[in-house]
Number of protein chains: 2
Amino acid sequence: MARPRQFDEEKVIESLMNVFWEKGYEATSMQDLVAASGLLKGSLYGAFGDKHAMYVAALRHYDRTRIQSGIDMLNGDGSARQKIARLFDNVIESTRRGLFAGGCLLCNASLEKAATDREVKNEVRTTIRRLKVAIMGALETRIANEDEAASLAAFIVSAYFGSRVLAKGGAPAAMIGDTRDRCLQLVP
Amino acid sequence: MARPRQFDEEKVIESLMNVFWEKGYEATSMQDLVAASGLLKGSLYGAFGDKHAMYVAALRHYDRTRIQSGIDMLNGDGSARQKIARLFDNVIESTRRGLFAGGCLLCNASLEKAATDREVKNEVRTTIRRLKVAIMGALETRIANEDEAASLAAFIVSAYFGSRVLAKGGAPAAMIGDTRDRCLQLVP
DNA sequence: GAGGTTATTGACTGAACGGTCAATAATAAA
DNA sequence: TTTATTATTGACCGTTCAGTCAATAACCTC
């Protein structure tokens, strides 16, 4: 009955996400999104509505893919300490390689837009909660008391986000290593 | 010999800083800066050169004032634990009041610009170092070993930055309280 | 294959962007 | 008071911004 989409929506969202991830919301122009997606402006607007909606779609995609793979790791095999350590090691590793300057899109969105954008704040809040719950799950075998697991998980999320700020701020990698090690001191 | 400036440069920088602090670099327009400073565009360009230089001046001003008052607190009276706790309590308090959405300009600059802007990265790095050294100073009475104080200080900076991300991301205040409390577990 | 529906296309819009500049004003030194 | 120097002013610049739209194309259903 109607002409079908000629692009793979997931792939397009992935490409939009990569731009927002690397440059941030404000520094990203529609030209950037056009170039990255391979679509023309009209198609992007037809599919998403406006730039803001593209950003929100990118945040959801980040949650569904990158955050989810972190959650999968936390739900997978290994000790709680190993899993928590791996969170930080990923930060150290990607800093050391230095190929991609984006850091963590969740942190970026929190600082750039969440405070003044209801929709972004909701997305960010939801994702933070998901991450925290997954960390609680990883702690489950070691901490019986749920409140204690929750407070430790909140703290770990915080330290993790902090390490993302340090990494992007150009702090020495040793500071992130220190953060990881001190964090692990609190993980039984 | 020449016409003198008709404005108080410190006050102008303070007003520029407040705009960048609240809106970020990219979302701030020259119109915003003109409106906030009370100067005309030409005067701002005459005094600073370009928007980027205004931003760097704002970062330096933030270091000289807001960060410095944090450092003064850390150098002041009280136990190490009290001082560290106060860092986080400031975050909780300003989140609770909810009047100003800016958060911490140092964190904002780290995530928004440091990764792709040499000058900003240098400013940020310097300020992080200053903050870390001040925290080491606060720990000095309790931790003799300098390396140990350094690693704990790095960790505290990280957790503090993380709490800034949580706050702006709209996470519940309890998560910041948890971060503070867990942090204090490691402070002797 | 005709008709209905939606996707694609690229030219187009007005507004806002960062930045410039010639004219004017204000000052201190001579 | 003249002169040299710098600050202020506001009009102005070309560019880029996010977003629109009428024309065309592609597809599915009947």
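Every chain is numbered from 1 and lettered A, B, ... according to where its sequence line falls, protein lines coming before strand lines. Keep in mind that the numbers below use all heavy atoms, side chains included, and drop hydrogens, waters and symmetry copies.
- Counting to the nearest Å, the P atom of C:dA16 and the CE atom of A:M30 are 19 Å from each other.
- Look at CD on B:Q31: it is 17 Å from C1' on D:dT16, rounded to the nearest Å.
- Checked against the 6.0 Å centroid threshold, B:F161 and B:F155 do not count as a close aromatic pair.
- Between B:H52 atom NE2 and C:dC17 atom C1' there is a gap of 17 Å when expressed in whole angstrom units.
- The line from CZ of B:R66 to CE of B:M17 is 3.5 Å long, rounded to the nearest 0.5 Å.
- The separation between B:D32 atom CG and C:dC17 atom P is 7 Å, rounded to whole Å.
- Using a cutoff of 4.0 Å between basic side-chain nitrogens and carboxylate oxygens, A:E10 and A:R64 are scored as salt-bridged.
- Of the listed residues (A:I143, A:I156, A:I135), just one forms a side chain to side chain contact (heavy atoms under 4.5 Å, CB included) with A:V187, and that residue is A:I156.
- Shown for residues 10-24 of chain B: no residue has heavy atoms falling under 4.0 angstrom of DNA chain D.
- For A:S29 and D:dT16, the shortest distance from a side-chain N or O to OP1 or OP2 is not below 4.0 Å.
- Rounded to whole Å, atom P of D:dT20 lies 16 Å from atom CZ of A:F48.
- Note: B:M54 CE to B:T28 OG1 = 11.5 Å, rounded to the nearest 0.5 Å.
- Taking atom NZ of B:K51 as the reference point, atom P of C:dG19 lies 8 Å away to the nearest angstrom.
- The distance between atom CD of B:E26 and atom P of D:dT16, rounded to the nearest whole Å, is 15 Å.
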*Quick one: what's the B/S/- string for nucleotides 1-14 of chain D, heavy-atom cutoff under 4.0 Å, read 5' to 3'?*
---BBBBSBB----
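- Taking 4.5 Å as the limit, every side-chain heavy atom of A:V165 sits out of range of all side-chain heavy atoms of A:C107.
- Using modelled atom types, one finds a donor on one side chain and an acceptor on the other under 3.5 Å when comparing A:S29 with A:D32.
- Following rounding to the nearest Å, B:D50 (CG) and C:dC17 (P) show an atom-to-atom distance of 17 Å.
- Between A:K11 and A:E14 there is no salt bridge, since none of the side-chain N atoms of the basic residue sits less than 4.0 Å from a carboxylate O of the acidic one.
- Closest approach of A:S15 and A:S37 over heavy atoms only: OG-CA, 3.4 Å.
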